[in-house]
> 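Dropping a structure here in structure tokens format, bear with me for questions.
These numbers come from the heavy atoms of this one structure, side chains and all, not from hydrogens, waters or symmetry mates. All chains are named by letter (A, B, ...) in the order of the sequence lines, taking the proteins before the strands, and each is independently numbered beginning at 1.
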Protein chains: 2
Amino acid sequence: MPVTIRDVARASGVHISTVSRTFSAPHLVNPETRVRVLACAEDLGYRPNRAARALITGRTHNIGLIIADIANPFFPPLIKAAESQARHRDYHVFVADTNEDAAAEEELVHALAKQVDGVLLCSPRMSNSLIEQLSREVPLVVVNRQLAGLPCVLMDVGQGARSAIEHLAGLGHREIALLAGPRGSWTSRELRRAAGAAARAAGAELTVLGPNPPTEAGGLAQAEQVRRAGVTAVLAYNDLMAIGLLEGLDALGVRVPQEVSVVGVDDITLSRLTRPKLTTVATPTAAAGRTAVDMLLQHDTEFPRTGRGGGAAVAVGARRTTAQVMLQTELVIRDSTAPGPYAGRDGPGATAAGPGPHRRADPGTPSVVAGDVVAS
Amino acid sequence: MPVTIRDVARASGVHISTVSRTFSAPHLVNPETRVRVLACAEDLGYRPNRAARALITGRTHNIGLIIADIANPFFPPLIKAAESQARHRDYHVFVADTNEDAAAEEELVHALAKQVDGVLLCSPRMSNSLIEQLSREVPLVVVNRQLAGLPCVLMDVGQGARSAIEHLAGLGHREIALLAGPRGSWTSRELRRAAGAAARAAGAELTVLGPNPPTEAGGLAQAEQVRRAGVTAVLAYNDLMAIGLLEGLDALGVRVPQEVSVVGVDDITLSRLTRPKLTTVATPTAAAGRTAVDMLLQHDTEFPRTGRGGGAAVAVGARRTTAQVMLQTELVIRDSTAPGPYAGRDGPGATAAGPGPHRRADPGTPSVVAGDVVAS
DNA sequence: GATCTCTTTGCAAACCTTTGCAGTGAAGTA
DNA sequence: TACTTCACTGCAAAGGTTTGCAAAGAGATC
């Protein structure tokens, strides 16, 4: 029933190889023949069978997208951008959700490996060594995790955390809490490291609470601890937690930002809609999705992964980029941060309320590109 | 480099067909042989090549999920549930985003047809006739659209609209606006039909504003119209639009719910987080995703789609369900609705403020199952 | 001991495409 | 005219798996 290359060949009176070439190497076939074949193909509604093509070329024209939690609003813009970018390059995207589970991640990479030309690992919870091991099975691009020797797309949350802490310190906060993210999260470690350093530099004290699930519930559950810790400002791992915290503090009768200032990370759509509107570190999510796909497919035209007689070519030519792209973040000041107890007093950085509100501008272009192309 | 069935056969000293059977028809191979083969396969890290398998069986063990807009928070829970359910049945999921574009939808179905065993069409914008035509190319399950002769998963937004209008009328509203959704949306038509009937029954007047893009911006853009229409209550196509409207009204200095009551549809996570919290018609999104996958895969073990010698079996056996499943919705009353100008006066349904707040319970089970299994 | 049945295994074709190689014929060159 | 070059096309193998058929061997039955 399904129409194959053979049907097109019969209809247009040429050999199947000519039909094949009409699609995959048009310059090799006579223009007249080409239009005839194309017309027949159109007529019959022929579409090349990708499975058969994959079998021989070794390239599936599919990529895998492994996501910690699709329901986390951080990810949909990334998925959308990646899917769109992939489709422009004639790739289709498998999406899989791990529920924040490292074991599921590993299994998914294995399961997808044979079906895709590469996998985007978004905010993985696995160990670095496991990721490295898996990268020998299938090309990997890692988002939100830094790994030597692997292509990574990073968001500069360190810079974001610094900006946030400086903003808070500038407002006169000295006792700041950090709501950590999930165990295994590179972003959470980065945040902690940078926020700690920035706090020290600003003469503020940083209390780390967590790890926590990166959800609204995770933030809500920490409201009590935040109050008990006696801090006047909080930096949360992400907006979802910040919003949960907003709710929790509200329930406890703690006013934001009058009594406690709250800063999130991500700038999800939601963060503009809460009351108070959330001050947050905007991350260029869509750009990350696009960039990751581009990095994965960088060499797609040059080097087939396997295929007939390709043994040597693969060994010699299958270079993989290990470039690491760092995308800029930006502090977006809204209504959830306000002057704290030391406002106006002397002290490092206690100058002003910082620069006025920013509009988020998705940078789209990397600020830092490190690494190089090496033979794998 | 990649390990094939041949490597396993060599390692375990049997023919490749025996290895194949070990995986796809274990009962046909001697238990001793089986464990040996399994051990070798495990050792070598063998995974069957799905493309090769698909080539001969005609079943890819993939499904396609075509989504109007991944960034619309209505969809991620559906995607997540569908992906999870599919994976339990050993299927992988292609996700594709159409950007609310009917032409993109059609192209995507074509592009995916050869690569999947079926496609879930979520909230399609195409015409019915086009969907029917495409369903001859690849098995389709349609979500949020009613189509005779095709399996559909519907949410009872008609009932939801009735509840919402009755709730508003009960609160004493007589001038109600409906913010319609996008052109081509079945849900929007249903909403309009049911809300119109319910309004008439309650002696209220319904003004339809739209069509509108189903986004926050779409709702925001209608705030001015809403004020000018002089209505005291609004039912929006979805929560996103309702939230946009909330913002727009706020900007215009119109207080919600004191001056205007607002009701959304979907009960996305966000709707609990706005101020005021949004009264909305909860739709069982996750259940819809699960159900749709189940309907698509209902016969997957019984009837291969194509394959050697399968001609007759297909013609006779490839029955497709055309069952239509209707999932219940539920009005969740929060803080964006309040008594209107006719509160307490006589009039149909003007009794009380309704049945008090509900907690959303994802029904998970269909309330109505219609249709039957027919040979296609 | 011959025949039959049943379980287990091997053989080889088939799925649809790509691609190296060789063949054809025409145009160009000496 | 004889030879080379070139553009185009056909041939056939290959990719990894499934599966109908047949063969082999072990018991069971008579």
> Rounded to the nearest Å, what distance is computed from the CZ atom of residue B:Arg10 to the C1' atom of nucleotide C:dG10?
16 Å
> For residues 119-129 of chain B, which residue pairs qualify under salt bridge (charged side-chain N to carboxylate O under 4.0 Å, His left out), counting only residues two or more places apart or in two chains?
B:Glu100-B:Arg125
> Check whether A:Arg87 reaches the backbone of B:Asp97 with its side chain - one donor and one acceptor, N or O, closer than 3.5 Å.
yes
> Nearest 0.5 angstrom please: B:Tyr91 OH to B:Asp117 CG, how far?
4.5 Å
> In whole angstrom, what separates A:Arg53's CZ from C:dC16's C1'?
11 Å
> Look at the side chain of B:Thr57 and decide which nucleotide, out of C:dC16, D:dT17, D:dT19, has an atom nearest to it.
D:dT19
> Write down the distance between CZ (A:Arg47) and P (C:dC16), rounded to a whole number of angstrom.
17 Å
> What residues form a side chain to side chain contact (heavy atoms under 4.5 Å, CB included) with B:Leu55, not counting sequence neighbours?
A:Asn49, A:Ala52, A:Leu55
> Tell me: CD1 of A:Ile56 to C1' of D:dA12, nearest whole Å?
11 Å
> Remember a base hit wins even if backbone is also touched, and classify A:Ser20 as base, sugar-phosphate or nothing at under 4.0 Å, heavy atoms.
base
> Heavy-atom distance under 4.5 Å between the side chains of A:His61 and A:His92, does that happen here?
no
> Do A:Pro2 and B:Lys114 come within less than 4.5 Å of each other through their side chains, counting heavy atoms only?
yes
> Looking at D:dT18, D:dA14, C:dC16, which one has an atom nearest to any side-chain atom of B:Ile5?
D:dT18
> What's the CZ-P distance between A:Arg59 and D:dG15, to the nearest Å?
18 Å
> Can you tell me the distance, in whole Å, between the CZ atom of A:Arg6 and the C1' atom of C:dT17?
9 Å
> Within a strict 4.5 Å, meaning less than it, do heavy atoms of the A:Leu44 and A:Val8 side chains meet?
yes
> Please tabulate the protein-to-nucleotide N/O contacts below 3.5 Å involving nucleotides 7-9 of chain C, giving atom names and distances.
| unit_1 | atom_1 | unit_2 | atom_2 | d |
| --- | --- | --- | --- | --- |
| C:dT9 | OP1 | B:Thr33 | OG1 | 2.4 |
| C:dT9 | OP2 | B:Asn30 | N | 3.0 |

> Calculate the interatomic distance between A:Glu32 atom CD and D:dC8 atom C1'; express it in whole Å.
12 Å
> Would you kindly give the CZ-to-P distance between B:Phe23 and D:dT17, to the nearest whole Å?
9 Å
